[in-house]
Asks: 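Pasting a structure below so you can have a look.
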Amino acid sequence: QVQLVESGGGLVQAGDSLGVSCAASGGTFSIYAMGWFRQAPGKEREFVVALSRSGSSTYYADSVKGRFTVSRDNAKNTVYLQMNSLKPEDTAVYYCAADYTPTLAAVRLSPEEYNYWGQGTQVTVSS
């Protein structure tokens with residue numbers, strides 16, 4: 001069973017960049033498809049991006065496409081989310097999630113498909 005810990009959140013201004021990370025432990029990281037979700041106060045959890053086991057397949061929400069970049073380093077058991085041109089509407093708690101899949105290129109798009117979650121990291125973008 002894998003444990004996930006996010007880090008790197010903080011307070012930035014609109015237009016700034018910020019990177020957050022998710023470190024995995026307790027399992028073979030490379031067998032998990034990964035995802036990032038976010039939840040703003042009073043709103044439902046929202047899909048941000050999905051990443052396959054191999055890192056070769058990605059799927060971004062339209063709201064972040066072209067601004068956010070996801071990557072993973074299976075040797076370091078870590079997935080990264082680089083966020084550029086941040087907007088106040090990006091303010092949320094960002095969660096990483098993992099789900100086992102036997103398929104290298106598979107991605108998971110809905111939160112119900114993920115079995116493992118981190119505790120989240122707060123990202124606040126001021127205007």
Side-chain angles (χ1 to χ4, degrees):
Q1 184 169 348
V2 65
Q3 292 84 43
L4 305 173
V5 179
E6 300 94 336
S7 62
L11 172 64
V12 297
Q13 293 186 332
D16 284 352
S17 298
L18 186 67
V20 292
S21 302
C22 173
S25 62
T28 303
F29 182 63
S30 61
I31 69 173
Y32 295 97
M34 301 297 296
W36 284 96
F37 293 79
R38 64 188 182 185
Q39 189 165 18
K43 295 187 176 182
E44 293 187 353
R45 192 164 295 191
E46 175 189 25
F47 168 78
V48 176
V49 61
L51 179 66
S52 64
R53 283 179 51 179
S54 63
S56 61
S57 298
T58 57
Y59 191 93
Y60 292 88
D62 287 343
S63 58
V64 306
K65 198 174 297 182
R67 299 188 298 122
F68 289 14
T69 301
V70 68
S71 61
R72 67 189 294 164
D73 186 336
N74 285 344
K76 295 184 177 180
N77 293 349
T78 302
V79 61
Y80 306 94
L81 182 65
Q82 177 64 35
M83 302 178 287
N84 298 328
S85 302
L86 282 161
K87 305 175 181 179
E89 51 263 44
D90 294 318
T91 295
V93 177
Y94 282 71
Y95 299 90
C96 69
D99 181 64
Y100 165 73
T101 173
T103 307
L104 287 175
V107 293
R108 304 279 190 261
L109 304 186
S110 67
E112 293 76 18
E113 296 180 282
Y114 288 89
N115 288 309
Y116 305 102
W117 292 84
Q119 83 290 346
T121 186
Q122 177 71 46
V123 173
T124 304
V125 185
S126 64
S127 57

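From a predicted model like this one, the values you see are computed outputs, not experimental measurements.
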Asks: Hey, could you give me the CZ/CZ distance between Arg45 and Arg38, rounded to the nearest 0.5 Å?
Replies: 13.0 Å
Asks: Give the ring-plane orientation class for Tyr59 versus Phe47, where under 30° counts as parallel, over 60° as perpendicular and anything between as tilted.
Replies: tilted
Asks: Distance check, rounded to the nearest 0.5 Å: Tyr116 atom OH versus Met34 atom CE?
Replies: 12.0 Å
Asks: Please report the shortest heavy-atom distance between Ala50 and Val107, naming the atom on each side.
Replies: CB-CB, 3.9 Å
Asks: Identify the heavy atoms of Ser17 and Gln82 that sit nearest to each other, and give their distance.
Replies: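 Smallest interatomic distance, heavy atoms only, reads CB-NE2, 3.7 Å.
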Asks: Do Tyr60 and Val70 come within less than 4.5 Å of each other through their side chains, counting heavy atoms only?
Replies: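 Yes; the side chains approach each other to less than 4.5 Å.
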Asks: Taking ring pair (Phe, Tyr, Trp, His ring centres under 6.0 Å) as the test, write out the residues that go with Tyr114, two or more places apart.
Replies: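 Here the qualifying residues are Phe37.
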Asks: What is the distance from atom CE of Met83 to atom CG of Leu18, rounded to the nearest 0.5 Å?
Replies: 4.5 Å
Asks: Could you tell me whether Lys87 and Asp90 have a side-chain N and a carboxylate O separated by less than 4.0 Å?
Replies: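 No, this pair does not count.
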Asks: Testing the basics here: between Trp117 and Pro111, what is the closest heavy-atom pair and its distance to 0.1 Å?
Replies: CZ2-O, 3.5 Å
Asks: What heavy-atom pair brings Asn74 and Ser30 nearest, and what distance separates the two atoms?
Replies: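 So the minimum-distance heavy-atom pair works out to ND2-CB, 3.7 Å.
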Asks: Is a side-chain N or O of Arg72 found less than 3.5 angstrom from the main chain of Ala33, in a donor-acceptor match?
Replies: no
Asks: So which atom in Val48 and which in Val64 form the shortest heavy-atom distance, rounded to 0.1 Å?
Replies: O-CG2, 3.6 Å
Asks: Do the side chain of Asp16 and the main chain of Leu11 share a donor and acceptor less than 3.5 angstrom apart?
Replies: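 It does not hold such a pair.
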Asks: What's the spacing between Asp73 CG and Tyr80 OH if we round to 0.5 Å?
Replies: 5.0 Å
Asks: What are the two closest non-hydrogen atoms of Val2 and Ala24, and how far apart are they?
Replies: CG2-CB, 3.7 Å
Asks: With distance as the sole test, does Glu6 use its side chain to make a donor-acceptor pair with the main-chain N or O of Gln119 at under 3.5 Å?
Replies: yes
Asks: Any sub-3.5 Å donor-acceptor pair from Thr78's side-chain atoms to Ala23's backbone N or O?
Replies: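 Such a contact is absent between Thr78 side chain and Ala23 backbone.
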Asks: Could you tell me whether the side chain of Ser56 and the main chain of Ser54 form a donor-acceptor pair under 3.5 Å?
Replies: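 Judged by distance alone, no pair lies under 3.5 Å.
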Asks: Does the side chain of Leu51 reach to within under 4.5 Å of the side chain of Tyr32, using non-hydrogen atoms?
Replies: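 Contact flag for Leu51/Tyr32 side chains = no.
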